[in-house]
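Have a look at the structure below before the remarks.
Just so you know, these numbers come straight off a predicted model, no measurement behind them. Below, read A as the first sequence line, B as the second, and so on, with proteins coming before strands; counting in each chain starts at 1.
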Amino acid sequence: MTISSEILGPILLSLRVSALSTLIVVPLAVGIAWVLARTANHGKSLLISLVNLPLVLPPVVTGYLLLDVLGRRGPLGGLGLAFTWWAAVAAAVVVSVPLAVWTTRVALEGVDPALENAARVLGRNEWQVFAEVTVPLARRGIAGGAVLAFARSLGEFGATIVVAGMTAGETLTIPSAVFLYMQDDSMGSAARALVWISAGISFAALLLVNATAWSAARR
Amino acid sequence: MERGASVIDAEFVWQAGDFALRVRLQSTARWTAVFGPSGCGKTTLLDCLSGLRTPAKGHIRLGGQTVFDASRNVPTRDRKIGYVTQNGDLFPHLDVRRNLTFGMREDTFDEVTRLLEIAPLVDRMPAHLSGGERQRVALGRALLSRPSLLLLDEPLSALDAPLRRRVMAYVAEVKARYETPCVYVTHNQEEVLTLADHVVFLDRGAVVGEGPPSQVLTAPGAARLGAIVDNVLRLPVLDSDAAEGITRVDLGEGQPLVVPYQGRRQPGDVLHLCIRAQDVIFARGATGEVSARNVVESRVVELVEEGHEVYVRVRCQGGAMLWGHITPAALHRMGLTVATDVSVLVKTQAVVVL
């Protein structure tokens, strides 16, 4: 039974972290993407660069910066999130937002502004236009962004071990567990099992993204 | 809307880069057509009226209510406008029924769907509608929002000619059935003549003429606008010959013009005719045998050269005026000037009875 908890624990934790991360990322990405797609202001390139920063930063650096924010002396230190599974969620959110923003932005930009105008003429305010026309028409792109965010959250490692650590049962996600088990000869088969399970989940997620894109293109 | 109040009372400037739209417009007519070449600012004008674009300065009053001036800019959603565009802009994620009820302010669903004959379509998705069905649904959606003003932006221009006529009949039905005033953007003369009470000419962002349709469309200088390439004539029937498949109309002083057979028309009935300026052929000297049924002695009264386009206006024997559209080369080869005598050749089939 110990083997199964050593494999099952990280899987369940990773799924929980990734699911929560995705729930946070999607509305955040829709908001940021809407600002990027629909407004023309000079702060746009600043916002794009900031959002995309985690894509180019070494993950360890991202984790370090997050620790500065969430750590005891950081601005959000009072929440006591560092080295809990919430810190793993924070790391997953930060690294997957750029991917979700990218696909969501493409989808929002693909919505014909004439349809949004049609809704305005028919008496809708800006929020209603967004909720009743823009989001439903961009739903496939938003869903694609959600799947990508989930997959990326599942694979997050570098920033996570810095800000959340590798405490078994608390912050030991699939990638952390693989890394930890690799250093222990007796855990070789557990590491291998996690590697295949992780690859399988990621592959399924990518299949889902492509299948959605394919059916969207056929419509 | 109060009786006698202007449908539109607007004076504003809208600017973007090099293009400026300067509008001074006051119309008490119920259906106003805005006519002009593409790029003249027609759609921008409608967008300013609907509030989708904001003028730099000026005022807009619709049905006596100020929707825009220095201190006020009523948002589009509160202007109570029904807007139908070239391709309908139906919401592709909603079925026809939910498109129709999207902005419904008063339940006249059955009445409107019956009038436009779209009741059988209500469960379909927009992607599965034909062009004509789509435009009727768009018109129905606009009507159901019980607008104070209808804006129709070339609603039939995406349809081919026979279908356009059929959908135009529905639009005419809407005009007859509803009091709602309308601004109708088009570059089709037939639509103007059938539907409009008043025409506004727009060219390069400015109003260059307005008045009753039959007067404005054939006014001297109208050819300058490039948009006017047709001759619109109102002429009485002389007689018809069923065997030959022709009807003769009076160009003035009994000078006949042969047009396609109009069996149900009696002598004296007035026909609305359209002859495209490019279908008018000029000849000097003896013409010999020609296939065109109409050879009418005429005299050049006006020449308008606009880039590589030349418009020649002639007074036909009998008094009717016609525009012809020729190339600069033809102008010079024939040595046409004002007061030159020419023969005008028009094929019977080139005359369209509206």
Next item on the list: Decide yes or no for Thr160(A) and Pro175(A): does some side-chain heavy atom of the first lie under 4.5 Å from some side-chain heavy atom of the second?
Entry: no
Check: Side chain, backbone, both or neither: which part of Asp89(B) has a non-hydrogen atom closer than 4.5 Å to chain A?
Finding: both
Checklist line | Toward chain B, the part of Gln128(A) with a non-hydrogen atom under 4.5 Å | finding: neither
Checklist line | residues 102-114 of chain B: residues contacting chain A (heavy atom under 4.5 Å, by number) | finding: Phe102(B), Gly103(B), Arg105(B)
Next item on the list: With a 4.5 angstrom heavy-atom cut-off, could you sort out which part of Leu144(B) is near chain A: side chain, backbone, both or neither?
Entry: neither
Notebook entry, point to check: Does the side chain of Glu156(A) come under 3.5 Å of the side chain of Thr173(A) through a donor N or O and an acceptor N or O?
Noted result: no
Note to self: Between Leu108(A) and Leu36(A), is there a side-chain heavy-atom distance shorter than 4.5 Å?
What the structure shows: no
Note to self: Counting the benzene-type ring for Trp, do Phe157(A) and Phe179(A) have ring centres under 6.0 Å apart?
What the structure shows: yes
Checklist line | Pair Tyr170(B), Gln135(B): side-chain N/O donor-acceptor within cut-off below 3.5 Å | finding: no
Next item on the list: Would you mind reporting whether Trp102(A) and Leu55(A) have side-chain heavy atoms less than 4.5 Å apart?
Entry: no
Next item on the list: Below 4.5 Å from any heavy atom of chain A, which atoms of Ile81(B) appear? Answer side chain, backbone, both or neither.
Entry: both
Notebook entry, point to check: Pick one: which of Val23(B), Ile60(B), Val67(B), Thr44(B) meets side-chain contact (heavy atoms from CB on, under 4.5 Å) with Leu49(B)?
Noted result: Ile60(B)
Checklist line | Residue, of Val129(A), Asp112(A), Leu137(A), that accumulates the most heavy atom pairs under 4.5 Å with chain B | finding: Leu137(A)
Item checked: Side chains of Leu149(B) and Val183(B) in contact at under 4.5 Å (non-hydrogen atoms) -> yes
